[in-house]
Enquirer: 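One structure follows; several queries about it will come next.
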Amino acid sequence: MAPADTTARVRLDTAVARVPGEASAPRSPPATAVGPLAWLRGNLFSSWLSTAVTLLLAYLIVRWTIGFVEWAFVNAIWEVPHNQTQACREIKGVGACWAVVTEKHRFILFGTYPFEEHWRPALVVLLFVGLYVVSALRRFWRKELVMIWAGVLTLIGILMWGGNTAPGLLRQPYEQVLALVLLAGAGFAYRHGRIGVALPSALIVYALLAWAGPVLDMPYVSQERWGGLPITLILATFGLAFAFPLAILVALGRRSELPAIRMLCVLYVELIRGVPLISLLFMASVMFPLFLPEGMNIDKLLRAQIAIILFAGAYLAEVVRGGLQALPRGQYEAADALGLTYWQKTGLIVLPQALRLVIPPLVNTFIGFFKDTSLVLIIGIFDLLTAGKTAIIEPAWQGFGVEVYIFVGLIYFMFCYAMSKYSQNLEAELNRHRRR
């Protein structure tokens with residue numbers, strides 16, 4: 001073969017060898033095929049009509065955002081002399097008067113609680129938030145969490161009621177109410193074989209109940225003076241904490257093979273769900289005391305709490321029953337094949353899976369009832385929203401309700417959004433095995 005032919009052959013082989021290598025080299029897809037640009041093109045600018053709607057909505061959103069920023073921040077007044085609202089009225093409609101929140105924030109948050117004792121309900125709010133955070137962490141999902149709840153709720157009762165008189169056996173209201181918590185904690189310790197800590201724990205807690213008020217020199221504050229955010233947290237926390245176990249029992253009762261239990265649970269659910277919460281609160285406030293023995297009276301806050309527990313229990317029971325029905329029949333049969341008792345099967349196999357399936361509707365119900373606590377206005381209890389409404393009754397601040405409602409709405413939003421995000425993370429973590 002001639003040298004020229006050999007050289008041409010080598011060059012051809014080299015060019016052919018390069019072609020597969022160049023063709024197999026990784027290349028990035030076009031920017032218009034994947035990524036943000038592709039999403040915008042496919043969802044917002046896919047046609048001329050979609051483009052027109054997108055541009056119109058974008059214009060309205062930008063214009064509203066600029067107007068809101070100017071009203072809420074640029075032209076806003078943040079502070080004025082005491083009840084000197086002339087400057088706010090001059091810019092009304094142009095800028096916000098956040099001075100009403102600055103002036104009335106203590107009344108909105110704590111209601112008619114004594115001004116010099118506001119540190120107590122403020123600490124109660126922090127204790128509630130801390131209790132929620134601890135309960136949300138899975139590392140604390142142990143039996144000791146019950147004792148943590150008992151201790152924190154005891155401290156909350158001491159702070160809210162106080163009492164600087166010489167104590168007697170169950171004389172103070174918080175001693176009468178939280179004695180149930182004390183008995184539950186001591187019984188829990190005894191039930192789990194911790195007899196050595198049951199009696200000392202009971203004595204320590206009673207000592208706190210009886211002597212904390214006088215030692216700390218905290219004046220006694222009746223429940224009629226309570227209001228604002230602590231009332232909302234108390235009603236929501238106790239309401240859902242007691243309604244959830246009740247809902248589980250009612251849901252299991254509706255699926256019971258005993259006709260009497262099943263009919264009783266059905267009657268309870270249909271009766272409670274057939275009337276609005278306002279009617280239950282009205283009955284608890286007006287009608288319920290008529291059935292009590294003469295001379296016996298139950299505080300209106302406790303009556304409202306019972307009504308909320310019964311109402312929430314009926315709605316949560318239907319959510320739990322949906323989870324029980326969604327569970328495959330094979331799970332029940334497998335538990336029966338293992339020879340488990342009814343309560344072992346329910347507590348170890350059925351309920352954990354059923355509750356895992358209904359986390360979104362459960363949390364949705366929790367959020368709804370957290371906001372429904374504002375209905376206690378009908379029986380004269382000053383919750384957060386009611387305290388906000390009352391704060392602008394004063395003539396000097398009338399006409400500035402928008403700022404107060406935005407402030408109250410932000411507080412509700414923070415709690416509800418936290419519950420929503422936590423439920424999403426919990427659902428993703430507990431149902432991770434289903435996506436494999």
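Just so you know, these numbers use all the heavy atoms, side chains as well, and skip hydrogens, waters and symmetry mates. Note that the structure is predicted; figures quoted are calculated from it, not measured.
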Enquirer: Against the six-membered ring of Y332, is R329 placed for a cation-pi contact (under 6.0 Å from the centre, within 45° of the normal)?
Expert: yes
Enquirer: R225: which residues meet the side chain to side chain contact (heavy atoms under 4.5 Å, CB included) condition with it, sequence neighbours left out?
Expert: T112, P114, V221, S222
Enquirer: Does R303 use its side chain to pair, donor to acceptor, with the backbone of F288 at less than 3.5 Å?
Expert: no
Enquirer: Does the K300 side chain pair with the main chain of G380, one donor and one acceptor, at a distance under 3.5 Å?
Expert: yes
Enquirer: Yes or no on salt bridge (Lys or Arg N to Asp or Glu O under 4.0 Å) for E427 and R356, after CA distance, side-chain angles and deciding distance?
Expert: CA-CA 7 Å; E427 182 185 14; R356 186 180 301 170; over 6 Å; no
Enquirer: Closest heavy-atom contact between I261 and G253?
Expert: CG2-CA, 4.0 Å
Enquirer: What is the ring orientation for F311 with Y315, classed by angle as parallel under 30°, tilted 30 to 60°, or perpendicular over 60°?
Expert: tilted
Enquirer: Do C88 and V80 have side chains that approach each other closer than 4.5 Å (heavy atoms only, starting at C-beta)?
Expert: yes
Enquirer: Could you tell me whether the side chain of N75 and the main chain of W71 form a donor-acceptor pair under 3.5 Å?
Expert: no
Enquirer: If I compare all heavy atoms of I156 with all of L127, which pair ends up nearest, and what's the gap?
Expert: CG1-CD1, 4.0 Å
Enquirer: Under the 3.5 angstrom rule, does the side chain of T85 hit a backbone N or O of A396 as a donor-acceptor pair?
Expert: yes
Enquirer: Taking C-beta and beyond as the side chain, do Y220 and W161 meet within less than 4.5 Å on heavy atoms?
Expert: yes
Enquirer: Within the structure provided, determine whether F244 and L362 are in side-chain contact (heavy-atom separation under 4.5 Å).
Expert: yes
Enquirer: Using a 4.5 Å cut-off on heavy atoms from C-beta on, say whether the side chain of T386 contacts that of I381.
Expert: no
Enquirer: Please report the C-alpha distance between F369 and D372 in whole Å, then the side-chain angles of each, then the deciding distance to 0.1 Å, and finally whether the side-chain contact (heavy atoms from CB on, under 4.5 Å) criterion is met.
Expert: CA-CA 5 Å; F369 282 110; D372 285 345; 4.1 Å; yes
Enquirer: Using a 6.0 Å distance limit plus a 45 degree cone around the ring axis, check whether K389 lies over the aromatic ring of Y405.
Expert: no
Enquirer: Is it the case that the side chain of T102 and the backbone of W98 share a donor-acceptor pair, with hydrogens and angles ignored and the cut-off at 3.5 Å?
Expert: yes
Enquirer: Would you name the heavy atoms of I108 and L384 that are closest together and state the gap between them?
Expert: O-CD1, 3.5 Å
Enquirer: Hydrogens and angles aside, do R106 and Y113 bring a side-chain donor and acceptor to less than 3.5 Å of each other?
Expert: no
Enquirer: What's the separation between atom CG in N364 and atom SG in C416, rounded to the nearest 0.5 Å?
Expert: 10.0 Å
Enquirer: Flag the pair R254 and E318 as a salt bridge only when some basic side-chain nitrogen lies within less than 4.0 angstrom of an acidic carboxylate oxygen.
Expert: yes
Enquirer: Salt bridge check: are R138 and E429 linked by an N-O gap of less than 4.0 Å?
Expert: yes
Enquirer: In a table with atom names and distances, give each donor-acceptor pair under 3.5 Å that connects a side chain of residues 62-69 to protein atoms at least two apart or in another chain.
Expert:
residue : atom : partner : partner atom : Å
R63     : NH1  : Y59     : OH           : 3.2
T65     : OG1  : I61     : O            : 2.7

Enquirer: Does some side-chain heavy atom of V134 sit less than 4.5 Å from a side-chain heavy atom of L145?
Expert: yes
Enquirer: At their closest point, which heavy atom of E116 faces which heavy atom of W119, and how far apart are they?
Expert: O-CD1, 3.8 Å
Enquirer: Answer yes if the side chains of T237 and Y132 hold a donor-acceptor pair under 3.5 Å, and no otherwise.
Expert: yes
Enquirer: For F115 and F110, what are the C-alpha separation, side-chain angles and deciding distance, and is it a ring-ring contact (aromatic ring centres under 6.0 Å, His included)?
Expert: CA-CA 9 Å; F115 186 86; F110 308 127; 9.6 Å; no
Enquirer: Do the rings of F370 and F415 sit parallel, tilted or perpendicular, given the 30° and 60° boundaries?
Expert: tilted
Enquirer: Is any side-chain heavy atom of V363 closer than 4.5 Å to a side-chain heavy atom of Q424?
Expert: no
Enquirer: Locate the shortest heavy-atom distance separating V404 from G388; write the atom from each residue and the value.
Expert: CG1-O, 3.5 Å
Enquirer: Measuring only between side-chain heavy atoms, which start at C-beta, is L351 closer than 4.5 Å to L324?
Expert: yes
Enquirer: Which heavy-atom pair separates L44 from S50 by the least distance, and what is that distance?
Expert: O-OG, 2.8 Å
Enquirer: Check for a donor-acceptor pair, side chain of Y412 on one end and backbone N or O of K371 on the other, with a separation under 3.5 Å.
Expert: no
Enquirer: Nearest 0.5 Å, please: how far is OG in S46 from CG in L40?
Expert: 11.5 Å
